[in-house]
Amino acid sequence: MSEKILIVEDEITLQETLAYNLKRQGYEVETAADGTTALQIARQSHPDLIVLDIMLPGMDGFEVCRLLRQEMSTPILMLTAKDDEIDRVVGLEVGADDYMTKPFSMRELIARIKAMLRRVRMIKEELEKTEPSLFPPGQKLIFDNLIIDTYRHEVRLNDQILIVKPKEYELLLFLAQHRGQVLSREYILERVWGWDYIGDSRTVDVHVRWLREKIESDPANPSRIVTVRGAGYRFEG
Ligand code: CA
């Protein structure tokens with residue numbers, strides 16, 4: 001089954017060019033010219049990747065990205081036209097996975113898309129094959145009062161569902177899968193965010209801090225995700 005890409009772009013010529021080129025690469029393509037339509041399509045058809053322009057009529061791409069991120073972890077590649085947009089995309093606030101600056105070459109865009117989709121496939125395969133005893137598909141990882149439900153994509157603490165961002169969930173799951181093992185920031189970044197991610201290892205620190213605030217009884221003195229000085233992080237359970 002071919003992978004599905006949603007293109008969100010209001011400049012029709014560019015939208016059509018993108019759609020044409022991606023279809024030629026064998027992808028199934030859907031298009032939207034505004035944010036509201038994009039959200040509707042994304043909810044209905046669960047695309048494998050979203051190409052999202054920032055300058056859109058009504059709701060801009062930042063807002064669309066933020067709303068998408070609350071609901072799904074679909075990779076998002078943002079199209080930017082201005083320097084100040086790049087700053088916001090690169091910053092953690094938006095939650096896009098990658099970006100391209102207009103004007104861009106179609107070859108480069110396709111290469112990025114392929115890399116992003118390959119990464120998602122790799123992570124999925126990895127999750128399916130690694131340590132089956134520790135990670136049976138669609139089951140729960142239980143650490144005392146902390147439960148990671150991989151079937152429902154939920155984290156529960158004391159039977160309360162925690163609101164976690166998709167990347168926080170992926171990070172927690174990754175740490176939990178490697179319980180007891182020291183993992184360097186670089187390794188975590190590479191495995192959870194992908195080797196071609198544009199951020200640096202502080203991204204990992206920020207997400208660890210957010211997770212600690214949610215799952216640690218005393219976030220200042222963490223006992224679940226511990227810092228190993230000069231080495232990285234270790235999940236204790
Ligand atoms: Ca536009």
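Indexing begins at 1, ligand by ligand and atom by atom, following the structure's order. Residues take their numbers from the sequence shown, with the count starting at 1.
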Review point. Is there a donor-acceptor pair under 3.5 Å between the side chain of D60 and the backbone N or O of L56?
Key: no
Study note, to complete from the structure: Answer key: the N, O or S atom of D10 nearest to the Ca ion (ligand 1) is OD1
Check your understanding: Are R179 and E236 close enough, and set up right, to give a side chain to side chain contact (heavy atoms under 4.5 Å, CB included), and what steps lead you there?
Key -> CA-CA 6 Å; R179 182 183 188 176; E236 296 285 17; over 6 Å; no
Point to revise | Angle subtended at the Ca ion (ligand 1) by OD2 of D53 and O of M55, nearest 10° | key: 80°
Study note, to complete from the structure: The atom name of the N, O or S atom in E9 nearest to the Ca ion (ligand 1) is OE2
Review point. Looking at H153 versus Y169, is the centre-to-centre ring distance below 6.0 Å?
Key: yes
Practice item. May I ask you to say whether K4 pairs ionically with D48, meaning some side-chain N is under 4.0 Å from a carboxylate O? Key: no
